[in-house]
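Reckoned from all heavy atoms, side chains included, excluding hydrogens, waters and symmetry mates. Keep in mind that this is a model prediction, so the values were computed, not measured. Throughout, protein chains are lettered first and strands after them, A, B, ... in sequence-line order, and every chain is numbered starting at 1.
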Amino acid sequence: MPELPEVEVVRAGLEPAVVGAVVTSVAVLDERSLKRHDGPAEDFIARLTGRTFLAPRRRGKFLWIPLAPAGGEALVVHLGMSGQVLLRAPDAAADPLTRIRIEIAHPDHGLLRVAFVDQRIFGSMAIDQLVETPDVAGDTVPTQVAHIARDPLDPAFDDRRFLASLARRNTGIKRALLDQTLISGVGNIYADESLWAARVHYDQPTSTLSRARATTLLAEVRLVLGRALAEGGTSFDAQYVNVNGASGYFSHSLNAYGQQGRGCPRCGRTIVRERFMNRGSHLCTFCQRIR
DNA sequence: CCGGACTCCTGGTTGC
DNA sequence: TGCAACCAGGAGTCCG
(Lines give C-alpha, C1' and ligand atoms only; values in the text may rest on other atoms or scores of the structure.)
Protein backbone atom coordinates (compact mmCIF):
# COMPACT_ATOMS: atom_id res chain seq x y z
CA MET A 1 0.00 0.00 0.00
CA PRO A 2 1.88 2.98 -1.23
CA GLU A 3 1.85 5.89 1.16
CA LEU A 4 3.80 9.12 1.11
CA PRO A 5 7.32 7.63 1.14
CA GLU A 6 6.62 5.17 -1.65
CA VAL A 7 4.92 7.81 -3.78
CA GLU A 8 7.80 10.20 -3.21
CA VAL A 9 10.26 7.54 -4.35
CA VAL A 10 8.23 7.15 -7.53
CA ARG A 11 8.19 10.92 -8.03
CA ALA A 12 11.92 11.29 -7.51
CA GLY A 13 12.65 8.33 -9.76
CA LEU A 14 10.50 9.65 -12.57
CA GLU A 15 11.86 13.17 -12.48
CA PRO A 16 15.13 12.77 -14.41
CA ALA A 17 13.48 10.55 -17.00
CA VAL A 18 10.43 12.65 -17.80
CA VAL A 19 11.34 16.32 -17.47
CA GLY A 20 11.46 17.75 -20.97
CA ALA A 21 10.15 14.57 -22.58
CA VAL A 22 7.43 14.71 -25.21
CA VAL A 23 4.55 12.23 -25.18
CA THR A 24 4.61 10.40 -28.50
CA SER A 25 1.79 7.93 -27.91
CA VAL A 26 -0.72 6.86 -25.30
CA ALA A 27 -2.53 3.53 -25.01
CA VAL A 28 -5.33 2.96 -22.53
CA LEU A 29 -5.51 -0.80 -22.07
CA ASP A 30 -8.11 -0.67 -19.32
CA GLU A 31 -10.43 2.29 -19.11
CA ARG A 32 -11.16 1.58 -15.44
CA SER A 33 -7.75 3.06 -14.70
CA LEU A 34 -9.12 6.43 -15.79
CA LYS A 35 -11.80 6.67 -13.12
CA ARG A 36 -10.40 9.98 -11.89
CA HIS A 37 -10.39 11.34 -15.44
CA ASP A 38 -13.40 13.41 -16.38
CA GLY A 39 -14.03 12.05 -19.84
CA PRO A 40 -13.54 8.99 -22.06
CA ALA A 41 -10.22 7.40 -22.95
CA GLU A 42 -10.16 9.24 -26.28
CA ASP A 43 -10.20 12.54 -24.43
CA PHE A 44 -7.37 11.42 -22.13
CA ILE A 45 -5.30 10.32 -25.11
CA ALA A 46 -5.97 13.48 -27.10
CA ARG A 47 -5.08 15.78 -24.23
CA LEU A 48 -1.86 13.94 -23.40
CA THR A 49 -0.40 13.11 -26.80
CA GLY A 50 2.19 15.61 -28.03
CA ARG A 51 2.51 17.34 -24.65
CA THR A 52 5.79 18.02 -22.84
CA PHE A 53 6.31 16.86 -19.27
CA LEU A 54 7.54 19.27 -16.61
CA ALA A 55 8.92 18.33 -13.17
CA PRO A 56 6.75 15.80 -11.26
CA ARG A 57 5.19 16.99 -8.02
CA ARG A 58 3.46 15.32 -5.12
CA ARG A 59 1.10 16.09 -2.28
CA GLY A 60 0.34 13.28 0.13
CA LYS A 61 -0.26 10.19 -1.98
CA PHE A 62 -1.15 12.14 -5.11
CA LEU A 63 1.50 12.51 -7.78
CA TRP A 64 1.23 14.69 -10.86
CA ILE A 65 3.34 15.62 -13.84
CA PRO A 66 2.56 19.15 -15.03
CA LEU A 67 2.29 19.57 -18.79
CA ALA A 68 3.77 22.51 -20.69
CA PRO A 69 2.79 25.27 -20.75
CA ALA A 70 3.21 25.59 -16.99
CA GLY A 71 0.16 26.31 -14.90
CA GLY A 72 -2.32 24.63 -17.22
CA GLU A 73 -2.90 20.90 -16.99
CA ALA A 74 -1.21 17.95 -15.36
CA LEU A 75 -1.16 14.18 -15.64
CA VAL A 76 -2.39 13.09 -12.20
CA VAL A 77 -1.44 9.69 -10.81
CA HIS A 78 -2.81 7.95 -7.75
CA LEU A 79 -1.36 4.52 -7.04
CA GLY A 80 -4.30 3.37 -4.92
CA MET A 81 -3.55 0.03 -3.30
CA SER A 82 -1.36 -1.61 -5.89
CA GLY A 83 -0.33 0.90 -8.52
CA GLN A 84 3.17 1.16 -9.97
CA VAL A 85 4.75 3.47 -12.49
CA LEU A 86 7.48 1.64 -14.36
CA LEU A 87 10.06 3.09 -16.71
CA ARG A 88 11.01 0.73 -19.49
CA ALA A 89 12.93 0.60 -22.74
CA PRO A 90 10.47 0.99 -25.61
CA ASP A 91 11.06 -2.57 -26.82
CA ALA A 92 10.88 -4.21 -23.38
CA ALA A 93 8.40 -7.03 -22.87
CA ALA A 94 5.00 -5.83 -21.69
CA ASP A 95 4.58 -5.79 -17.93
CA PRO A 96 1.62 -7.90 -16.80
CA LEU A 97 -1.34 -5.88 -15.55
CA THR A 98 -0.29 -2.78 -17.48
CA ARG A 99 -3.40 -0.58 -17.67
CA ILE A 100 -1.99 2.50 -19.40
CA ARG A 101 1.12 2.79 -21.56
CA ILE A 102 2.71 6.13 -22.38
CA GLU A 103 5.61 6.39 -24.82
CA ILE A 104 7.84 9.41 -24.46
CA ALA A 105 10.81 10.93 -26.28
CA HIS A 106 13.38 12.54 -24.02
CA PRO A 107 15.99 14.94 -25.46
CA ASP A 108 18.83 13.13 -23.65
CA HIS A 109 17.57 9.64 -22.91
CA GLY A 110 15.71 8.97 -26.14
CA LEU A 111 12.60 6.83 -26.26
CA LEU A 112 11.13 5.49 -23.05
CA ARG A 113 7.98 3.74 -22.01
CA VAL A 114 6.06 4.72 -18.92
CA ALA A 115 3.84 1.84 -17.83
CA PHE A 116 1.06 2.29 -15.31
CA VAL A 117 0.63 -1.13 -13.76
CA ASP A 118 -2.14 -1.75 -11.26
CA GLN A 119 -3.43 -5.09 -10.10
CA ARG A 120 -6.47 -4.01 -8.11
CA ILE A 121 -7.33 -0.90 -10.11
CA PHE A 122 -7.86 1.30 -7.08
CA GLY A 123 -5.36 3.70 -8.58
CA SER A 124 -5.80 5.78 -11.68
CA MET A 125 -4.48 8.40 -14.04
CA ALA A 126 -6.22 11.57 -15.17
CA ILE A 127 -5.64 14.85 -16.96
CA ASP A 128 -6.67 17.65 -14.65
CA GLN A 129 -6.48 21.43 -14.44
CA LEU A 130 -4.01 23.03 -12.05
CA VAL A 131 -5.34 25.63 -9.63
CA GLU A 132 -3.59 28.01 -7.24
CA THR A 133 -3.29 26.94 -3.62
CA PRO A 134 -4.93 29.30 -1.11
CA ASP A 135 -2.00 29.32 1.31
CA VAL A 136 1.13 29.67 -0.85
CA ALA A 137 1.21 32.22 -3.66
CA GLY A 138 2.21 30.79 -7.02
CA ASP A 139 1.83 27.19 -5.88
CA THR A 140 -0.56 25.01 -7.86
CA VAL A 141 -2.26 21.64 -7.44
CA PRO A 142 -4.68 19.68 -9.65
CA THR A 143 -8.33 20.44 -8.86
CA GLN A 144 -8.89 16.92 -7.56
CA VAL A 145 -6.06 17.38 -5.07
CA ALA A 146 -7.16 20.80 -3.87
CA HIS A 147 -9.24 19.50 -0.95
CA ILE A 148 -6.27 17.52 0.44
CA ALA A 149 -4.17 19.02 3.21
CA ARG A 150 -0.46 19.50 2.75
CA ASP A 151 1.61 16.58 3.95
CA PRO A 152 3.83 16.72 7.03
CA LEU A 153 7.03 16.73 4.97
CA ASP A 154 5.86 19.81 3.06
CA PRO A 155 7.71 22.89 4.39
CA ALA A 156 4.42 24.79 4.21
CA PHE A 157 2.58 22.28 6.41
CA ASP A 158 0.97 24.27 9.20
CA ASP A 159 1.65 22.47 12.50
CA ARG A 160 -0.38 24.85 14.63
CA ARG A 161 -3.37 24.60 12.38
CA PHE A 162 -3.19 20.79 12.42
CA LEU A 163 -2.93 20.66 16.21
CA ALA A 164 -5.78 23.13 16.56
CA SER A 165 -8.06 21.07 14.32
CA LEU A 166 -7.21 17.95 16.32
CA ALA A 167 -8.27 19.70 19.52
CA ARG A 168 -11.46 20.93 17.89
CA ARG A 169 -12.43 17.61 16.38
CA ASN A 170 -14.62 15.01 17.96
CA THR A 171 -13.13 11.83 16.60
CA GLY A 172 -10.48 9.17 17.19
CA ILE A 173 -6.84 9.94 16.50
CA LYS A 174 -6.27 7.27 13.88
CA ARG A 175 -9.32 8.45 11.96
CA ALA A 176 -7.80 11.91 12.02
CA LEU A 177 -4.40 10.68 10.83
CA LEU A 178 -6.05 8.92 7.91
CA ASP A 179 -8.21 11.94 7.07
CA GLN A 180 -6.36 13.38 4.07
CA THR A 181 -8.08 16.74 4.54
CA LEU A 182 -6.33 17.17 7.91
CA ILE A 183 -2.91 15.71 7.08
CA SER A 184 -2.10 13.92 3.86
CA GLY A 185 0.21 11.08 2.95
CA VAL A 186 -0.42 8.86 5.98
CA GLY A 187 -2.07 5.49 5.35
CA ASN A 188 -2.81 2.48 7.48
CA ILE A 189 0.76 1.27 7.82
CA TYR A 190 2.45 4.49 8.83
CA ALA A 191 -0.51 5.49 10.99
CA ASP A 192 -0.02 2.33 13.06
CA GLU A 193 3.75 2.86 13.14
CA SER A 194 3.46 6.48 14.27
CA LEU A 195 0.87 5.69 16.93
CA TRP A 196 3.06 2.88 18.24
CA ALA A 197 6.11 5.15 18.34
CA ALA A 198 4.20 7.88 20.18
CA ARG A 199 2.48 5.35 22.48
CA VAL A 200 -0.96 6.55 21.50
CA HIS A 201 -4.04 4.30 21.21
CA TYR A 202 -5.76 4.48 17.82
CA ASP A 203 -9.13 5.38 19.32
CA GLN A 204 -7.85 8.10 21.66
CA PRO A 205 -10.28 11.01 21.19
CA THR A 206 -8.40 13.83 19.51
CA SER A 207 -10.00 16.40 21.80
CA THR A 208 -8.52 14.69 24.87
CA LEU A 209 -5.08 14.14 23.41
CA SER A 210 -2.85 16.64 25.17
CA ARG A 211 -1.06 19.24 23.13
CA ALA A 212 2.24 17.70 24.22
CA ARG A 213 1.26 14.19 23.12
CA ALA A 214 -0.18 15.48 19.87
CA THR A 215 3.06 17.31 19.20
CA THR A 216 5.03 14.15 19.92
CA LEU A 217 2.77 12.18 17.61
CA LEU A 218 3.26 14.63 14.76
CA ALA A 219 7.01 14.43 15.29
CA GLU A 220 6.82 10.63 15.16
CA VAL A 221 4.78 10.79 11.97
CA ARG A 222 7.58 12.81 10.41
CA LEU A 223 10.26 10.46 11.71
CA VAL A 224 8.46 7.36 10.49
CA LEU A 225 7.82 8.84 7.03
CA GLY A 226 11.32 10.25 6.79
CA ARG A 227 12.93 6.96 7.78
CA ALA A 228 10.90 5.04 5.21
CA LEU A 229 11.78 7.59 2.59
CA ALA A 230 15.48 7.28 3.37
CA GLU A 231 15.28 3.50 3.01
CA GLY A 232 13.29 3.66 -0.21
CA GLY A 233 15.44 6.35 -1.67
CA THR A 234 18.42 4.06 -1.77
CA SER A 235 16.71 1.07 -3.28
CA PHE A 236 15.90 2.05 -6.82
CA ASP A 237 17.84 1.60 -9.98
CA ALA A 238 19.15 4.82 -11.39
CA GLN A 239 18.65 3.97 -15.00
CA TYR A 240 15.35 2.19 -15.18
CA VAL A 241 13.46 3.13 -12.15
CA ASN A 242 11.38 0.23 -11.09
CA VAL A 243 9.61 1.55 -8.11
CA ASN A 244 7.43 -1.09 -6.64
CA GLY A 245 4.25 0.28 -5.16
CA ALA A 246 2.68 -3.11 -4.57
CA SER A 247 5.15 -4.69 -2.20
CA GLY A 248 5.95 -1.06 -1.86
CA TYR A 249 6.06 -0.22 1.78
CA PHE A 250 9.51 -0.56 3.18
CA SER A 251 8.88 -3.43 5.50
CA HIS A 252 12.25 -3.97 7.10
CA SER A 253 11.63 -1.62 9.99
CA LEU A 254 8.04 -2.13 11.03
CA ASN A 255 7.40 -2.22 14.78
CA ALA A 256 3.64 -2.66 14.85
CA TYR A 257 2.05 -3.05 11.42
CA GLY A 258 1.74 -6.71 10.50
CA GLN A 259 3.58 -7.68 13.67
CA GLN A 260 0.60 -9.28 15.45
CA GLY A 261 1.72 -12.21 17.55
CA ARG A 262 5.27 -10.93 17.87
CA GLY A 263 6.74 -9.13 20.82
CA CYS A 264 6.46 -5.37 21.14
CA PRO A 265 10.00 -4.11 20.42
CA ARG A 266 9.68 -1.77 23.38
CA CYS A 267 8.13 -3.82 26.19
CA GLY A 268 8.05 -7.38 24.85
CA ARG A 269 4.32 -7.88 25.27
CA THR A 270 2.40 -9.21 22.29
CA ILE A 271 1.39 -6.92 19.43
CA VAL A 272 -2.28 -7.47 18.57
CA ARG A 273 -4.35 -6.77 15.48
CA GLU A 274 -7.82 -5.31 15.97
CA ARG A 275 -10.50 -4.40 13.45
CA PHE A 276 -11.02 -0.67 13.25
CA MET A 277 -12.47 1.42 10.44
CA ASN A 278 -12.88 -1.72 8.35
CA ARG A 279 -9.15 -2.36 8.35
CA GLY A 280 -6.52 -3.76 10.66
CA SER A 281 -5.02 -1.80 13.51
CA HIS A 282 -1.83 -3.12 15.04
CA LEU A 283 -0.80 -2.04 18.50
CA CYS A 284 0.69 -2.90 21.84
CA THR A 285 -2.21 -2.64 24.26
CA PHE A 286 0.20 -2.10 27.15
CA CYS A 287 2.20 0.77 25.63
CA GLN A 288 -0.77 2.27 23.83
CA ARG A 289 -3.66 2.99 26.17
CA ILE A 290 -6.38 5.63 26.05
CA ARG A 291 -5.60 8.28 28.64
C1' DC B 1 -19.93 17.17 12.17
C1' DC B 2 -19.65 12.36 12.58
C1' DG B 3 -19.42 7.47 11.62
C1' DG B 4 -20.93 3.51 9.35
C1' DA B 5 -21.89 1.08 5.16
C1' DC B 6 -20.98 0.63 0.63
C1' DT B 7 -18.37 0.80 -3.89
C1' DC B 8 -14.52 0.12 -6.75
C1' DC B 9 -10.92 -4.69 -7.61
C1' DT B 10 -8.17 -9.14 -7.96
C1' DG B 11 -4.06 -12.17 -6.49
C1' DG B 12 -3.03 -14.69 -2.66
C1' DT B 13 -4.49 -17.22 1.32
C1' DT B 14 -7.54 -19.96 4.01
C1' DG B 15 -10.94 -23.53 4.81
C1' DC B 16 -13.67 -27.34 3.77
C1' DT C 1 -6.21 -31.75 -4.95
C1' DG C 2 -9.91 -28.35 -6.12
C1' DC C 3 -12.69 -24.90 -5.53
C1' DA C 4 -15.08 -21.24 -3.14
C1' DA C 5 -15.04 -17.94 0.27
C1' DC C 6 -12.47 -14.56 2.27
C1' DC C 7 -9.03 -10.90 2.78
C1' DA C 8 -6.14 -6.60 1.99
C1' DG C 9 -7.59 -1.35 1.95
C1' DG C 10 -7.37 4.39 -0.39
C1' DA C 11 -10.81 7.30 -1.43
C1' DG C 12 -15.22 8.76 -2.66
C1' DT C 13 -20.24 8.79 -1.86
C1' DC C 14 -24.44 8.34 0.51
C1' DC C 15 -27.26 8.09 4.43
C1' DG C 16 -28.88 8.41 9.23
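Going from atom NZ of K35(A) over to atom P of dT10(B) covers 10 Å, rounded to whole Å. Here dA11(C) presents its P atom at 11 Å from CG of N188(A), a figure rounded to the nearest Å. For the pair F276(A) CZ and dA8(C) C1', the computed distance is 18 Å after rounding to whole Å. Nucleotide dC8(B) holds its P atom 16 Å from the CG atom of D118(A), rounded to whole Å. The nearest whole Å value for the distance from the CE atom in M277(A) to the C1' atom in dG3(B) is 9 Å. With rounding to whole Å, I183(A) atom CD1 is found 15 Å from dG10(C) atom P. Note: CG (D179(A)) to P (dT13(C)) measures 14 Å, nearest angstrom. The distance between atom CZ of R279(A) and atom C1' of dC7(C), rounded to the nearest whole Å, is 14 Å.
Taking only side-chain nitrogens and oxygens, Y257(A) comes nearer than 4.0 Å to OP1 or OP2 of dG9(C). For dC9(B), the OP1/OP2 oxygens have a side-chain nitrogen or oxygen of R32(A) closer than 4.0 Å. Considering only side-chain N and O atoms, R275(A) lies under 4.0 angstrom from the phosphate OP1 or OP2 of dA8(C). Between dC7(C) and R273(A), no contact under 4.0 Å exists linking OP1 or OP2 to a side-chain N or O. The phosphate of dG10(C) (OP1 or OP2) has no side-chain N or O of H78(A) nearer than 4.0 angstrom. Between S82(A) and dG11(B) there is no side-chain polar atom (N or O) within less than 4.0 angstrom of OP1 or OP2.
Across the interface with DNA chain B, nearest-nucleotide mapping of Q119(A) and R169(A) shows R169(A) to be the residue nearer the 5′ end. Mapped onto DNA chain B by nearest heavy atom, R175(A) and I121(A) fall at different nucleotides, with R175(A) at the one closer to the 5' end.
For the pair R269(A) and F286(A), the cation-pi criterion (under 6.0 Å, within 45° of the ring axis) is fulfilled.
Side-chain atoms of R120(A) come within donor-acceptor range of the base of dA8(C), with a qualifying N/O pair under 3.5 Å.
For T133(A) against R59(A), the heavy-atom pair with the smallest separation is CG2-NH2, 3.7 Å. For T140(A) against R57(A), the heavy-atom pair with the smallest separation is O-NH1, 3.0 Å. Q260(A) and V272(A) make their closest contact through CB-C, 4.1 Å (heavy atoms, listed as atom of the first residue, atom of the second, distance).
Counting non-hydrogen atoms under 4.0 angstrom, R168(A) reaches nothing in the nucleic acid. Nucleic acid contact class of G280(A) (heavy atoms, under 4.0 Å, all strands): sugar-phosphate only.
Taking the 5.5 Å centre cut-off and the 30° plane limit, the aromatic side chain of F122(A) is classed as stacked on dG9(C).
Using a 30° and 60° split on the angle between ring planes, F62(A) and H78(A) fall in the perpendicular class, above 60°.
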